[in-house]
Amino acid sequence: MEVFTLLENLEEILESGSKVPFSTKVMVDAGELRDIIEEIRLKLPDELKQAKWVKEERQRIISDAELEAQKVLKETEGKIINLIDEHEITKQALAQKEEIIENANKVSKEISDGTREYADSVLEKIENVLRETMDIVHNNRRELK
């Protein structure tokens, strides 16, 4: 900042000025001091404006960063909720899968049991028919003898 440089110039003028004997006073060139003070007056408003702009820009950047952080946080929360929902859907799908498999196994067992019972009843009827046929054959053979 140029204002600081000008203030350092003022200090140098004071330090290099002629000392008045038996006092703390210093003799300096008044015109030189006035010129530096005038430059400070001219530059100070620009530097104040620049400092104000920097402060406002800083605040804008912080506000933008906060908004972006809130946006990211909301997106993350949404993704977490979706993952939780997907997890629940997955749990439900697995439960339904188990139920379907269990029902299929029951139906398969029922069909298998029904098939065996049917086969047993058919074989029993065949056995009865064969037994009756064998009895007839046996009786016929006895009659022949």
Side-chain angles (χ1 to χ4, degrees), residues 1-140:
M1 295 177 95
E2 287 188 43
V3 172
F4 289 118
T5 305
L6 293 171
L7 290 172
E8 288 173 6
N9 289 345
L10 279 177
E11 286 178 338
E12 288 176 15
I13 290 171
L14 285 173
E15 289 174 9
S16 66
S18 303
K19 302 213 187 293
V20 176
F22 305 109
S23 78
T24 58
K25 298 189 187 217
V26 178
M27 288 191 342
V28 292
D29 183 356
E32 194 177 354
L33 287 178
R34 278 190 194 102
D35 290 343
I36 292 175
I37 290 171
E38 186 61 30
E39 280 187 62
I40 290 173
R41 278 192 185 121
L42 291 173
K43 295 199 182 285
L44 199 54
D46 287 340
E47 295 199 7
L48 287 175
K49 287 177 191 174
Q50 184 180 10
K52 182 181 176 191
W53 178 84
V54 167
K55 181 182 174 188
E56 289 171 352
E57 188 65 12
R58 177 183 169 267
Q59 188 59 42
R60 185 191 64 76
I61 290 170
I62 289 171
S63 295
D64 288 351
E66 287 175 348
L67 288 173
E68 184 67 23
Q70 288 175 356
K71 179 182 171 187
V72 168
L73 185 62
K74 284 182 181 180
E75 286 175 5
T76 303
E77 286 173 350
K79 287 179 182 178
I80 288 172
I81 289 170
N82 285 341
L83 288 173
I84 289 170
D85 288 345
E86 286 176 11
H87 180 69
E88 288 300 318
I89 290 170
T90 303
K91 285 169 85 175
Q92 290 174 357
L94 289 173
Q96 284 180 338
K97 176 192 90 166
E98 292 299 322
E99 185 179 335
I100 289 169
I101 289 172
E102 188 177 320
N103 287 339
N105 286 336
K106 282 181 185 176
V107 168
S108 172
K109 185 174 180 341
E110 289 173 4
I111 290 171
S112 178
D113 290 347
T115 303
R116 286 183 186 182
E117 287 176 16
Y118 176 74
D120 185 54
S121 96
V122 168
L123 289 174
E124 183 180 14
K125 287 179 184 176
I126 292 172
E127 184 181 17
N128 288 337
V129 168
L130 286 174
R131 190 174 293 128
E132 288 173 7
T133 306
M134 285 297 287
D135 286 344
I136 292 172
V137 169
H138 187 66
N139 287 339
N140 286 339

_With a 4.0 Å cut-off on N to O distance, would you call Glu127 and Arg131 a salt bridge?_
yes
*Is it true that Lys106 and Glu102 make a salt bridge, defined as a side-chain N closer than 4.0 Å to a carboxylate O?*
yes
*With side chain to side chain contact (heavy atoms under 4.5 Å, CB included) as the test, would you mind laying out the steps for Ile62 and Glu66 before giving the verdict?*
CA-CA 6 Å; Ile62 289 171; Glu66 287 175 348; 3.8 Å; yes
*Are any side-chain N or O atoms of Ser63 and backbone N or O atoms of Gln59, one a donor and one an acceptor, separated by less than 3.5 Å?*
yes
*asked:* Give me the atom names and distance for the closest heavy-atom approach of Val28 to Ile13.
replied: CG1-O, 3.6 Å
_Ion pair Arg60/Glu57, N-O distance below 4.0 Å_ = yes
*Checking Thr76 side chain against Val72 main chain: does a donor-acceptor pair fall under 3.5 Å?*
yes
*asked:* Other residues, nucleotides and ligands only: do more than 12 of their heavy atoms fall within 6.0 Å of CD on Glu88?
replied: yes
*Flag the pair Lys109 and Asp113 as a salt bridge only when some basic side-chain nitrogen lies within less than 4.0 angstrom of an acidic carboxylate oxygen.*
yes
*In Å and rounded to the nearest 0.5 Å, what is the OG1 to NZ distance from Thr24 to Lys19?*
9.5 Å
_Asp35 side, atom CG; Asn9 side, atom CG - distance, nearest 0.5 Å_ = 11.5 Å
*Rounded to the nearest 0.5 Å, what separation is found between the CD atom of Glu8 and the CD1 atom of Ile36?*
11.5 Å
_Value rounded to 0.5 Å, distance of CD1 in Ile81 from CD in Glu77_ = 6.5 Å
*Just how far is it from atom CD of Glu110 to atom CG of Asn103, taken to the nearest 0.5 Å?*
9.5 Å
_Ile136: which of Thr133, Asn140, Asn139 passes side chain to side chain contact (heavy atoms under 4.5 Å, CB included)_ = Asn140
*Less than 4.5 Å apart, any side-chain heavy atom of Ile111 and any of Val107?*
yes
*To the nearest 0.5 Å, tell me how far Gln50 CD sits from Lys55 NZ.*
15.0 Å
